[in-house]
Amino acid sequence: MKKIAVLTSGGDSPGMNAAIRAVVRKGIYHGLEVYGVYNGYHGLVNGNITKLELGSVGDIIQRGGTILRSARLPEFAQVEVQKKALEQLNKFGIEGLIVIGGDGSYRGANALTKLGFPCIGVPGTIDNDIVGTEITIGFDTALNTAINAIDKIRDTASSHERTFIVEVMGRDAGDIALYSGLAGGAETILIPEEDESIDDIMERLNRGKLRGKKHSIIVVAEGVMSGVELAEKLREKIDSDVRVSVLGHIQRGGTPTASDRVLASRLGARAVELLLEGKAGRAVGIVENKIVDNAFSDIIDQPHYIDRGIIQLSKELSI
Ligand code: F6P
């Protein structure tokens, strides 16, 4: 293998740049030519591909976002579109592709692999919802962003004796809500993986009130319902002042934490090694601090694992 390419796809995540840097530097270290595909699968189909040098990825390890930019291309599910991508890859003489992204991005990489083109996936998403890895690139940074916001909201919630609802991202997964809620000391955490009724929430709020609590933080994952919707439901039942804060896309930006940079560097480099070993159709991940790899077919569309122990702990600590 002489030429490989790398792209970022789906929602960006802090640390993607560190992963791109690792792919480029590791590839060049092993004598490969490394190409960057701009704008995800969209750029792949349209041939928006450029050769990257060592210097192309200088000064990016600390930057959020992705220098290769990202996009979502639902049409990539169609075989004719995938074939256009193959034409471009062949035109540039590229023999292997590394896709940094989430589940949807893996589906595209799996399709190309099935058409005979070797692809390797690197888990880059703030949602932490990829099977086969305990943590995804960007999750730790997003978590810290959320915790920072919750800490600030707690100050004003306490001054005004209010109930605050903080809506966080995560799509269908509750990891950002669960871990930021636990680390931010939220009184209630609502995640899609666990059913909780409005009455349960009320009971919690009332219990807090009885022991003199004047304010309360509820973290809700967007996959459960919107913060505004939850506020409407709560306002029907309590007379406390309820406010909503939607953290939104600030969770996707910012300087990656040390943890995300190290993870991205390790995973990006391993992805290159897999291509060099002649592997295809696999995604790298981390389990018990060891870098692993799994077949796309074993991880795509599999139920997301959430740590029930952490759910239980968060409940016990917020009584
Ligand atoms: O997958 C990452 C994510 O940020 C989700 O948490 C969120 O639901 C979604 O992307 C938002 O996507 P977009 O930026 O396209 O609105």
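Along the sequence shown, residues are numbered consecutively beginning with 1. Numbering of ligands and ligand atoms starts at 1, following listing order.
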- Message: Any atom of ligand 1 sitting under 4.0 Å from a heavy atom of Gly170?
- Response: yes
- heavy-atom search around atom 1 (O) of ligand 1 in the protein gives Asp127 OD2, 2.7 Å
- Task: First locate atom CD1 of Ile306, then atom CG of Asn128, and finally report the distance between them rounded to the nearest 0.5 Å.
- Result: 8.5 Å
- Query: So Tyr106 and Phe296, would you call those rings parallel, tilted or perpendicular, with 30° and 60° as cut-offs?
  - Reply: tilted
- Task: Write out the residue and atom name of the closest protein heavy atom to atom 12 (O) of ligand 1, then the distance separating them to 0.1 Å.
- Result: Arg72 NH2, 3.0 Å
- Steps toward salt bridge (Lys or Arg N to Asp or Glu O under 4.0 Å) verdict (Arg154, Glu187): CA-CA 11 Å; Arg154 183 176 288 289; Glu187 283 70 24; 3.7 Å; yes
- Query: At a 4.0 Å threshold, what atoms of ligand 1 neighbour a non-hydrogen atom of Glu222?
  - Reply: 5 (C), 6 (O), 7 (C), 8 (O)
- Task: Report yes or no: do Asn289 and Arg266 form a side-chain donor-acceptor pair below 3.5 Å?
- Result: yes
- Might you point out which heavy atoms bring Ser9 and Ser105 nearest each other, and give the distance in Å? OG-OG, 2.9 Å
- Query: Heavy-atom contacts under 4.0 Å between Gln251 and ligand 1: side chain, backbone, both, or neither?
  - Reply: neither
- Message: Starting from atom 16 (O) of ligand 1, what is the nearest protein heavy atom, named by residue and atom, and what distance separates them?
- Response: His249 NE2, 3.5 Å
- May I ask you to check whether Ser197 and Asp200 show a side-chain donor-acceptor distance below 3.5 Å? yes
- Message: Please list the nearest protein heavy atom to atom 4 (O) of ligand 1 with its residue and the distance rounded to 0.1 Å.
- Response: Arg252 NH1, 2.8 Å
- Query: What protein heavy atom sits nearest atom 9 (C) of ligand 1, and how far off is it?
  - Reply: Arg171 NH2, 3.6 Å
